[in-house]
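Reading through the structure tokens given below for one structure.
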Amino acid sequence: MYMDINDIIKPENLVYTKPRLMNDNPMHYCPGCSHGVVHKLIAEVIDEMGIEEETIGIAPVGCAVFAYNYIDIDWIEAAHGRAPAIATAVKRLNPKKMVFTYQGDGDLAAIGTAETIHACNRGENIVIIFINNGIYGMTGGQMAPTTLEGMKTSTCPYGRNVALNGYPLRIAELVERVDGTCYVTRQSVHTPASIRKAKKAIRHAFENAMAGKGTSMIEIVSTCNSGWKMTPVKANQWMEENMFAKYPMGDLKNV
Amino acid sequence: MYMDINDIIKPENLVYTKPRLMNDNPMHYCPGCSHGVVHKLIAEVIDEMGIEEETIGIAPVGCAVFAYNYIDIDWIEAAHGRAPAIATAVKRLNPKKMVFTYQGDGDLAAIGTAETIHACNRGENIVIIFINNGIYGMTGGQMAPTTLEGMKTSTCPYGRNVALNGYPLRIAELVERVDGTCYVTRQSVHTPASIRKAKKAIRHAFENAMAGKGTSMIEIVSTCNSGWKMTPVKANQWMEENMFAKYPMGDLKNV
Amino acid sequence: MKEEIKLMKGNEAIAHAAIRYGADGYFGYPITPQSEVMETLMEEKPWETTGMVVLQAESEVAAINMVYGGASCGKAVMTSSSSPGVSLKQEGISYLAGAELPCLIVNVMRGGPGLGTIQPSQADYFQATKGGGHGDYHLITLAPASVQEMVDFVALGFDLAFKYRNPAIILADGIIGQMMEKVVLPPFRKRRTEEEIRAQNPWAALGKPKDRKRNVITSLELDPAIMEQNNIRFQATYKRISENEIRYEEINCENADYLIVAFGSMARICQKTIELAAEEGIKVGVLRPITLWPFPSEAIARQTSHVKGILSAELNAGQMVEDVRLAVNGKVRVEHFGRLGGIVPTPDEVLAALKEKLM
Amino acid sequence: MKEEIKLMKGNEAIAHAAIRYGADGYFGYPITPQSEVMETLMEEKPWETTGMVVLQAESEVAAINMVYGGASCGKAVMTSSSSPGVSLKQEGISYLAGAELPCLIVNVMRGGPGLGTIQPSQADYFQATKGGGHGDYHLITLAPASVQEMVDFVALGFDLAFKYRNPAIILADGIIGQMMEKVVLPPFRKRRTEEEIRAQNPWAALGKPKDRKRNVITSLELDPAIMEQNNIRFQATYKRISENEIRYEEINCENADYLIVAFGSMARICQKTIELAAEEGIKVGVLRPITLWPFPSEAIARQTSHVKGILSAELNAGQMVEDVRLAVNGKVRVEHFGRLGGIVPTPDEVLAALKEKLM
Amino acid sequence: MKEEIIIAGFGGQGVLSMGKILAYSGLMEDKEVTWMPSYGPEQRGGTANVTVILSDERISSPVLNSFDVAVILNQPSLEKFENKVKPGGILIYDGYGIHHPPTRTDIEVYRINAMEAAIEMNNTKALNMIVLGGLLKLKPMVSMENVLKGLKKSLPERHHHLIPMNEQAILKGMEIIRKA
Amino acid sequence: MKEEIIIAGFGGQGVLSMGKILAYSGLMEDKEVTWMPSYGPEQRGGTANVTVILSDERISSPVLNSFDVAVILNQPSLEKFENKVKPGGILIYDGYGIHHPPTRTDIEVYRINAMEAAIEMNNTKALNMIVLGGLLKLKPMVSMENVLKGLKKSLPERHHHLIPMNEQAILKGMEIIRKA
Amino acid sequence: MAKIKGAVVVNKERCKGCELCVVACPSKVLALQPAEVNDRGYHYAFMQNPDACIGCASCGLVCPDGCITVYKVKL
Amino acid sequence: MAKIKGAVVVNKERCKGCELCVVACPSKVLALQPAEVNDRGYHYAFMQNPDACIGCASCGLVCPDGCITVYKVKL
Ligand SMILES: Cc1ncc(C[n+]2csc(CCOP(=O)(O)OP(=O)(O)O)c2C)c(N)n1
Ligand SMILES: Cc1ncc(C[n+]2csc(CCOP(=O)(O)OP(=O)(O)O)c2C)c(N)n1
Ligand code: SF4
Ligand code: SF4
Ligand code: SF4
Ligand code: SF4
Ligand code: SF4
Ligand code: SF4
Ligand SMILES: [Mg+2]
Ligand SMILES: [Mg+2]
């Protein structure tokens with residue numbers, strides 16, 4: 001039976017669309033950047049949990065600094081690396097709110113290491129969304145603590161050399177060891193299946209925070225095709241082939 | 001056979017004395033403070049290795065800030081928490097020198113968390129001596145990240161409550177997980193036997209640094225009888241009975 | 001509870017005043033000579049009474065950013081530290097100013113530079129009044145000279161901060177922080193409810209109800225044209241503050257032949273200098289700036305009509321003296337007297353300096 | 001290698017100049033608009049040629065403390081950043097000053113306060129010249145106005161820092177950092193050997209030989225009497241620097257009726273203003289402070305003999321104008337013109353402001 | 001002689017490197033030069049522009065609000081810079097990216113279908129060199145010899161084999177530019 | 001009336017709390033008071049001192065360089081403060097800690113064997129109260145009634161049962177002080 | 001088993017031509033416009049092979065910019 | 001087996017009377033001076049029971065202030 005496209009495109013047949021809480025502002029991200037996908041998941045989870053009026057997001061310094069332009073909730077922009085400290089205060093002063101941070105690997109794993117470890121150690125009832133794209137996207141592709149060995153960036157143009165630059169740092173493995181975390185997981189958003197899993201993880205983390213179970217960290221191994229100097233499609237492939245070995249997918253802790 | 005004391009007290013019968021590199025300046029530490037014991041061990045190891053001309057110590061902000069007054073080597077006093085960053089530069093600019101930091105638990109595990117983790121992650125060829133006395137001694141006995149649950153300090157006068165103040169933080173367990181460390185051990189200096197072991201550990205760490213094997217951390221679980229408001233003898237007992245459960249003795253990593 | 005007369009340290013006074021003001025949160029890190037602020041709060045456990053949150057942060061940097069977080073929700077939040085710790089907070093302070101957030105910062109100054117000494121100093125005057133952080137901004141800077149003012153300026157600082165949406169700082173020193181004096185504590189005020197905060201601070205990020213757009217607390221603006229407009233708005237605020245909020249005290253100024261300008265504990269010492277000078281027949285007045293920013297420039301300029309010279313007496317190498325000179329604009333001689341590194345001069349030393357430099 | 005003529009960005013120039021100077025180490029953290037400094041160094045890999053260490057630190061705080069560490073060993077070490085990052089370094093900078101350590105800091109300023117904008121600004125003038133950190137100290141502050149001066153001031157900054165054992169700062173802005181101009185690069189100098197450092201900097205902590213006492217690098221002194229002596233020594237150094245190291249450029253000043261005081265890129269713009277003014281028959285001169293601290297107060301004061309008014313033109317809301325007013329001490333009118341938040345004025349705007357405010 | 005030029009377009013169009021080659025060419029002719037880019041966060045796809053000044057004398061301000069020549073490669077840039085061209089100045093635009101052409105009549109407007117030509121040459125990277133050719137045709141401020149020297153200076157060694165192709169693109173641009 | 005007093009000794013001797021009780025007693029008499037301690041790092045065993053001023057009028061400077069009365073409990077403090085007593089002023093010292101007694105003749109010097117008495121009372125913690133008693137004997141600046149009130153104010157509730165013992169110590173001190 | 005048919009609508013002006021939807025589609029429905037660009041200069045995605053669409057929403061899920069709306073009917 | 005005898009010298013002025021040596025001594029040789037204090041006010045350690053000393057150096061090892069020198073002879 002032949003069916004015209006216009007017979008299908010009807011409200012009652014809708015199965016997927018841009019999340020309600022994501023507004024129409026065009027996003028500034030590069031084509032194919034993982035940030036957009038994660039933004040959508042967060043918007044969906046907040047919407048599905050019905051907590052949009054109670055949610056406060058903490059946006060980092062990094063490419064996601066403008067997250068506040070795209071998801072229609074209240075936001076606080078944080079100084080570089082300090083989002084967990086800010087979230088700590090916001091949550092403690094407003095214990096019934098849902099408070100989450102959204103941070104890059106430069107933000108969270110370099111300058112913000114102390115704030116991250118200590119918020120987790122205090123077991124703040126917040127969610128930390130950690131976008132690990134192995135590079136400083138915003139500032140032009142410098143080395144991050146999570147940059148892989150041999151990977152080229154503008155501050156290791158000949159490839160990361162551990163003797164000079166140290167080892168790729170696995171933050172999730174650290175915060176897993178800290179008593180205040182209740183849920184530490186590593187996810188990705190490069191395929192429909194991984195996206196569905198990542199969304200479940202985010203939802204679980206948000207529920208933990210609302211239930212006062214402690215700190216949840218969701219690391220999302222991501223691409224920065226611009227910093228990596230690849231097409232988005234190639235970047236996803238490269239990520240699977242290279243990043244996942246150092247940053248394996250799955251839950252590290254779930255109590 | 002009766003022997004007069006003066007027959008024994010002769011240079012040729014000497015079996016133990018204050019280390020040569022420890023000078024005669026009276027130490028400012030409280031009676032019975034663990035810092036003095038550790039100072040002696042460091043002075044002995046440097047002397048025994050014959051590296052006093054090549055050794056640069058980094059003194060922290062904390063009770064040990066005046067370490068530079070007591071051990072006769074070159075010293076650099078560090079801003080609070082930043083000793084590992086300073087040591088990084090000193091060692092990289094002087095690769096043949098022996099560079100060590102000496103830091104308290106407030107210094108290393110609170111304000112200096114990022115510098116500690118990143119120096120370890122870069123595998124700087126330095127030694128970190130970490131005096132964990134569960135308190136901020138210098139400033140009057142405030143809570144440290146390592147203060148035990150229920151333990152009273154001037155900023156948790158009713159006892160550390162994890163809901164308010166977070167969990168005691170085990171730094172050694174974190175840096176053990178970081179790729180740049182070659183040796184992570186936990187020691188104490190409250191008995192002659194433990195002192196002998198601690199000295200061996202310090203010597204091993206110094207040798208690692210000179211051999212370029214990476215970062216060594218020696219955590220020394222210590223007392224601050226003044227901050228704990230106990231006699232030195234009682235403090236040692238209390239440490240054994242309470243601190244060792246949370247901070248168990250022994251090597252965590254030795255590669 | 002009602003007003004109460006007590007004997008307490010300046011640092012303790014800050015803590016009690018904050019609880020009674022109805023402050024929502026304190027975030028700090030220990031450092032001499034101000035650790036008693038947090039210690040007193042922890043002893044008082046206001047979280048069990050007023051609901052005030054008190055948290056020992058992992059560092060001064062974390063503490064100031066916790067303040068930024070709390071202020072972003074429209075809460076009355078504060079931090080305290082001493083000189084090196086306040087230097088670490090400079091980025092955060094600039095962010096607070098740039099995001100137009102009210103809050104209260106306390107600096108109980110010690111001698112610098114560097115780790116320096118823990119003894120009293122006033123060498124962070126420039127840092128507080130000219131902007132130790134980056135960019136064009138100002139902190140409303142209050143300089144207490146007694147333990148009572150440590151109490152009073154907590155409420156004043158918070159009130160001004162909220163009135164103008166700008167951080168306020170109490171610039172005290174080791175003397176004011178550590179000494180005990182008689183104080184009258186104000187009655188307890190209720191902490192504001194979330195509804196009150198939403199009504200009074202409609203900009204606060206407290207969760208977005210359906211009937212307003214999302215609130216975003218940020219100091220970022222990549223478009224320089226808009227960023228310039230933001231800065232012009234800040235400058236307009238600073239102008240309003242300068243027009244309305246200058247505070248100072250004149251002691252013996254009417255018939256004075258010489259004027260000492262001094263703030264904080266130094267002003268206390270100089271009050272005794274007036275007596276010593278009078279004994280020698282020298283008429284000295286003291287003008288004590290209470291707000292260091294905005295600075296009482298006009299009040300000082302007015303003194304030039306009758307004084308022969310002005311001495312800026314400070315526990316530093318010459319900082320406020322620049323503002324005094326700018327106020328006087330060459331009309332009379334202005335000299336500086338200071339002691340450094342934690343040394344506190346005696347009243348007769350000040351008099352000797354005045355005689356030597358101005359007479 | 002010899003002198004070389006190249007076309008490069010100001011930020012790149014800093015990197016090349018550092019290598020050629022024989023700098024021992026660079027420690028930095030990325031931030032716009034100065035990331036090319038470290039990127040160029042990483043591209044050039046001087047560790048394989050001169051032996052210079054280049055390290056990307058985990059933060060600005062770590063970077064400035066690495067500089068402190070390197071400087072403690074008598075090495076020629078440096079860092080660079082932009083406004084928010086420099087605010088984070090304030091504690092470290094105060095420590096460097098307090099421990100009397102030579103080093104070079106570069107601030108390629110962007111608009112603030114807070115995260116602000118990444119466009120050019122001069123709003124960190126106060127922070128650099130008055131002491132953004134705690135305590136009484138000064139940085140030798142050099143303000144380049146061309147890419148060539150970015151090259152030249154690396155050597156000058158290091159040389160002055162070592163001469164006086166005091167940190168030096170290059171206070172540039174986004175324009176100077178990002179623009180390309182022709183530069184002459186100096187020949188390569190050898191890095192000093194450990195023996196040379198020991199001889200030239202006997203205070204350096206490089207390991208204690210038997211024939212001297214231990215060297216201790218510290219800014220701590222709990223005895224206020226000694227701490228005051230330390231501070232008096234610092235002040236004496238500042239005096240010597242002020243007597244010997246003031247640098248400025250006078251353009252068209254001899255017969256000028258009006259003077260513009262401007263530094264860095266703003267001075268470049270104002271040079272064109274001179275031309276525009278001349279077309280209208282207005283005689284304008286520009287005095288460009290090259291050292292912002294020590295400030296060329298006397299040179300400016302001398303101008304008051306013949307100018308009718310002075311305009312302080314800055315990319316900020318009015319900072320250097322205070323030093324100009326202090327220099328002039330009421331003798332002629334001093335006004336400020338500034339653009340904010342990353343906006344750069346055109347030469348004719350400056351002229352219009354001069355006419356409006358002074359004529 | 002003094003030329004104040006703005007070049008503007010999308011991030012990927014080679015705007016900055018076109019300016020750089022121009023600046024290097026000026027350097028080869030012993031002129032004073034400044035090259036002042038717009039700069040911003042890294043994201044791909046935004047607009048970029050660069051101000052290039054070539055002069056026989058020391059250059060004062062590197063920042064300009066009006067220009068002798070504007071080279072415009074996309075619509076947003078046209079909107080931003082059309083009215084910043086000095087009266088009597090020149091505006092060059094690429095037809096591909098511009099749907100609403102310039103309207104000023106007090107300046108000389110030229111069109112160059114550089115994108116089309118680049119696609120024809122099977123090398124969209126040559127776009128900026130073609131445009132440069134067009135510019136040099138109108139304003140021969142530097143000699144071809146020095147442009148090639150400038151190219152050599154501004155390209156890393158490993159790309160020197162591309163110089164002949166770039167020369168071709170420049171010649172192409174000189175050929176196809178025409179009054180709009 | 002105005003009394004400017006320095007009290008100095010080892011850290012553990014109760015110097016600061018003696019000053020505190022004096023200050024509280026002054027408060028109870030509606031006097032103006034300031035209490036200004038030396039402060040420093042935590043380590044046990046160092047010396048401590050406190051400046052207490054009681055006055056009928058507003059107190060200007062809390063920091064003084066000379067004193068009406070100096071109460072000295074150890075040798076280093078004696079060396080530091082002996083020459084800071086105003087001519088005609090009073091110096092009180094405890095014989096136990098002082099091996100080289102004061103030498104000035106232009107001031108009144110008193111000795112109080114407080115440590116001995118405290119040991120006798122089997123309560124070395126009472127040392128400072130005994131000394132306080134001695135001081136009050138010489139300078140009855142506050143009434144006993146107000147001292148007890150001040151004690152109550154300065155001690156936490158749980159220590160109020162110690163007040164009678166403190167009173168006894170004060171009386172003891174009044175008894176044993178004598179001209180040196 | 002009922003046959004399933006789907007259709008998608010791409011927000012042409014929002015699309016950045018990243019191609020992620022193209023490779024994510026199990027039925028090879030989508031492609032980028034080879035020549036035409038949108039106002040922001042991107043070769044945007046479109047249904048080149050609309051009949052093959054099964055409404056699985058994979059394209060929508062992977063699209064970082066939320067450009068794709070997916071519809072589905074069971075026949 | 002040879003009998004071992006030891007002796008220690010305590011630096012009286014350096015001693016802070018912390019008592020750690022006293023409890024560390026396996027032979028109960030040491031004690032703190034009950035009444036006498038040194039110049040810094042401390043009840044310092046001394047050999048109360050010198051004959052019992054076996055020169056094991058435990059006291060020296062635990063002394064934080066390096067006050068103790070230990071001598072030993074084999075008889
Ligand atoms: C104190 C401070 N230092 C540095 C910067 C510059 N900066 C902006 S974003 C960024 C890093 C971004 O990397 P990441 O956190 O990984 O985020 P991404 O852009 O990769 O998503 C840096 C260093 C800043 N704004 N503030
Ligand atoms: C930036 C800064 N913050 C705070 C202080 C105050 N301070 C001095 S020592 C210290 C902590 C000491 O504790 P720890 O490191 O555990 O050493 P300990 O004294 O216990 O040996 C602090 C917070 C400081 N000097 N600088
Ligand atoms: S630079 Fe990287 S992280 Fe930033 S928007 Fe582009 S792709 Fe995403
Ligand atoms: S306060 Fe504690 S850590 Fe410091 S010297 Fe005394 S016992 Fe040792
Ligand atoms: S809904 Fe599924 S089949 Fe249809 S276009 Fe999208 S990915 Fe392809
Ligand atoms: S994934 Fe979205 S942005 Fe990318 S090409 Fe498809 S529709 Fe366009
Ligand atoms: S050497 Fe051994 S036996 Fe002798 S006093 Fe010391 S601990 Fe006791
Ligand atoms: S251990 Fe040392 S300081 Fe302690 S009592 Fe014995 S000798 Fe004295
Ligand atoms: Mg990143
Ligand atoms: Mg400690």
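- Neither the backbone nor the side chain of C:Q229 comes within contact range of chain D, judged by heavy atoms closer than 4.5 Å.
- Considering only heavy atoms from C-beta on, C:I300 comes within 4.5 Å of C:F295 through its side chain.
- Heavy atoms closer than 4.5 Å to chain D are found nowhere in C:I226, neither backbone nor side chain.
- The part of D:Q119 that comes within reach of chain C is its side chain, from C-beta onward, which places non-hydrogen atoms under 4.5 angstrom from that chain.
- Both the backbone and the side chain of C:A317 have a heavy atom closer than 4.5 Å to some heavy atom of chain D.
- Neither the backbone nor the side chain of C:Y238 comes within less than 4.5 Å of any heavy atom of chain D.
- Heavy-atom distances place no part of C:R110 under 4.5 Å from chain D, backbone and side chain included.
- The shortest side-chain heavy-atom distance between D:P84 and D:I31 falls under the 4.5 Å cut-off.
- Inter-residue side-chain proximity for D:P345 and D:L315 is flagged as met; some heavy-atom pair is nearer than 4.5 Å.
- Side-chain contact check for C:S121 versus D:H134: every heavy-atom pair is 4.5 Å or farther apart.
- Of the two parts of D:Q319, only the side chain, counted from C-beta on, holds a non-hydrogen atom closer than 4.5 Å to a non-hydrogen atom of chain C.
- For D:L96, no part lies near chain C; criterion is any non-hydrogen pair under 4.5 Å.
- For C:Q235, the part lying under 4.5 angstrom from a heavy atom of chain D is the side chain only.
- For a residue to count as touching a neighbouring chain, one of its non-hydrogen atoms must lie under 4.5 Å from one of that chain's; by this rule C:D323 touches chain D with the side chain only.
- The candidate from D:L220, D:I118, D:D136 with the greatest count of non-hydrogen atom pairs under 4.5 Å with chain C is D:D136.
- Interface residue C:Q127: backbone and side-chain heavy atoms are both found under 4.5 Å from chain D.
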